[in-house]
Each structure stands twice: as C-alpha cells, then as structure tokens.
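One is the number of the first residue; the rest follow in order along the sequence. Hydrogens, waters and symmetry mates are skipped; everything else that's a heavy atom, side chains included, is used.
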Amino acid sequence: MGRRALRITVDTNVLVRAMVFDDPEQARLAEELLRSAELIAIPLAVLCEFVWVTTRVYRRSAGEVGEAIRTLLAIPNVIVDRPAIEAGLALLETGGDFADGVIAFDGRRLGGEVFASFDRSATELIAKNGGQTRLLGTAER
C-alpha cells in the first residue's frame, strides 16, 4: 500500500525556517515538507505572523518578505485567501503593515464598510488603497 500524499496546514515556524535558514536542519526539514506536500494550506494568521516575525525579529525588508510571499503564491499546490493576501501585500509594499491590509479587506468582506483605528499610518494607507477609514482620537475628518 503506497504512502498517502500529505495535505498540510503549515505553521508560521515552517515558513520562517524555509526563508531565513537560521537552523540548517530545521530549514532542510521545512523545505522537504513543502516540496513533498500535495497541498499546502496557509491560513491568513500564519502569513500575518510570518510578516511580523521576519520583519521584526529577523530584520528582513518589506520587499524581501513580499517577494517570499509572492513566491509562495506562485506554487500551484498552495491554498490561500489570495484576495486578502493581495490586500495585505498592497499595504506592506507601500510602507504599511501586512496585517492591517488583511484586516481591512476581511472586515469589508464581513460587511464592515469603514476601517476604524487609532493608527494614523494604517488609516492613511488603507484610504490611499481605496478603503474608507476613520481615525479615532482626532477631530472627525
């Protein structure tokens, strides 16, 4: 009886190991797993964590991290919420936070028309990308 093909949900640490190679053995195992899987499901929370860890802990640039995510998106057996990820990448690539882009996109999809935040930078970038925003703690705009 043959081995059943793996259909995996990947955790953040697997993607981080495959990108940063800070632990050669774990990096090798992560790459082998990703190469051998029939299907790789990557939840939005994993990519939000991935961006945070790689930019804040490993000091990778937004460009490097965006490129890594786009490389993942190009793999045919990777299953992700592509529209939400593209919204996150749009913010990341304009100097914002990937997670804020994902949150604003997902909120609109759930019926929230206006992204509300105390974060001026996030609201400005989301507005520049076509979203309605409300910056709290300031005079109404």
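- In plain terms, the two heavy atoms of Arg17 and Asp22 that are nearest each other are NE-OD1, 2.8 Å.
- Grouping the Ile, Leu, Val, Met, Phe, Trp and Tyr side chains by contacts below 4.5 angstrom, directly or via other members, places Leu73 with Ile8.
- Phe21 and Val65 end up in different hydrophobic clusters when Ile, Leu, Val, Met, Phe, Trp and Tyr side chains are linked at under 4.5 Å.
- Taking 4.0 Å as the cut-off between side-chain N and carboxylate O, Glu124 and Lys128 do not count as a salt-bridged pair.
- Arg70 has a carboxylate O that lies under 4.0 Å from a charged side-chain N of Glu86, or vice versa, which qualifies the two as a salt bridge.
- Linking ILVMFWY residues whenever their side-chain heavy atoms come closer than 4.5 Å, directly or via other members, leaves Phe98 and Ile126 in distinct clusters.
- A donor-acceptor contact shorter than 3.5 Å links the side chain of Asp23 to the backbone of Gln26.
- Remark: of the listed residues Leu47, Val20, Ile40, Leu47 is the sole one forming a side-chain contact (heavy atoms from CB on, under 4.5 Å) with Leu15.
- Comment: Arg28 engages Glu32 in a salt bridge, judged by a side-chain N to carboxylate O separation of less than 4.0 angstrom.
- Considering every non-hydrogen atom in both Gly101 and Leu91, the closest pair reads N-CD2, 3.4 Å.
- In this structure, Glu31 places its CD atom where more than 12 heavy-atom neighbours from other residues, nucleotides or ligands lie under 6.0 Å away.
- Residues Leu39 and Val78 are not in side-chain contact: their nearest non-hydrogen atoms beyond the backbone lie 4.5 Å or more apart.
- Hydrophobic clustering (ILVMFWY, side-chain heavy atoms < 4.5 Å, transitive): Val114 and Leu135 are in distinct clusters.
- At distances below 3.5 Å, not a single donor-acceptor pair connects side-chain atoms of Arg82 with backbone N or O atoms of Val80.
- Between Asp119 atom CG and Thr123 atom OG1 the span is 6.5 Å, to the nearest 0.5 Å.
- In this structure, Val51 and Thr55 approach most closely via the heavy-atom pair O-OG1, 2.7 Å.
- Residues Leu72 and Ile85 fail the side-chain proximity criterion, which asks for heavy atoms closer than 4.5 Å.
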task = Take Ile69 and Phe50, measure what side chain to side chain contact (heavy atoms under 4.5 Å, CB included) needs, and give me the verdict at the end.
result = CA-CA 9 Å; Ile69 292 172; Phe50 174 78; 4.0 Å; yes
query = Thr133 and Ser117: side chain to side chain contact (heavy atoms under 4.5 Å, CB included), yes or no, with the steps?
reply = CA-CA 8 Å; Thr133 64; Ser117 178; over 6 Å; no
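- Within the model, atoms CD of Gln132 and CD of Glu113 stand 6.0 Å from one another, a figure rounded to the nearest 0.5 Å.
- In this structure the side chain of Arg60 reaches within 4.5 angstrom of the side chain of Met19, judged on heavy atoms.
- Enclosure of atom CD in Glu25 by more than 12 non-hydrogen atoms of other residues, nucleotides or ligands within 6.0 angstrom is indicated.
- Each of Val46, Val53, Val57 was evaluated against Val16; a single residue qualifies, Val53, per the side-chain contact (heavy atoms from CB on, under 4.5 Å) test.
- Of all the heavy atoms in Phe105 and Ala87, the pair that sits closest is CB-CB, 3.5 Å.
- Glu64 places a side-chain N or O within donor-acceptor distance of the main-chain N or O of Ser61, the cut-off being under 3.5 Å.
- Side-chain atoms of Asn129 come within 3.5 Å of backbone N or O of Leu125 as a donor-acceptor pair.
- A side-chain donor-acceptor contact under 3.5 Å links Asn77 to the backbone of Ala37.
- Residues Asp100 and Ala122 come closest through the heavy atom pair OD2-CB, 3.3 Å.
- In the hydrophobic clustering of this structure, Leu6 does not group with Ile79; members are Ile, Leu, Val, Met, Phe, Trp, Tyr whose side-chain heavy atoms approach within less than 4.5 Å, directly or through other members.
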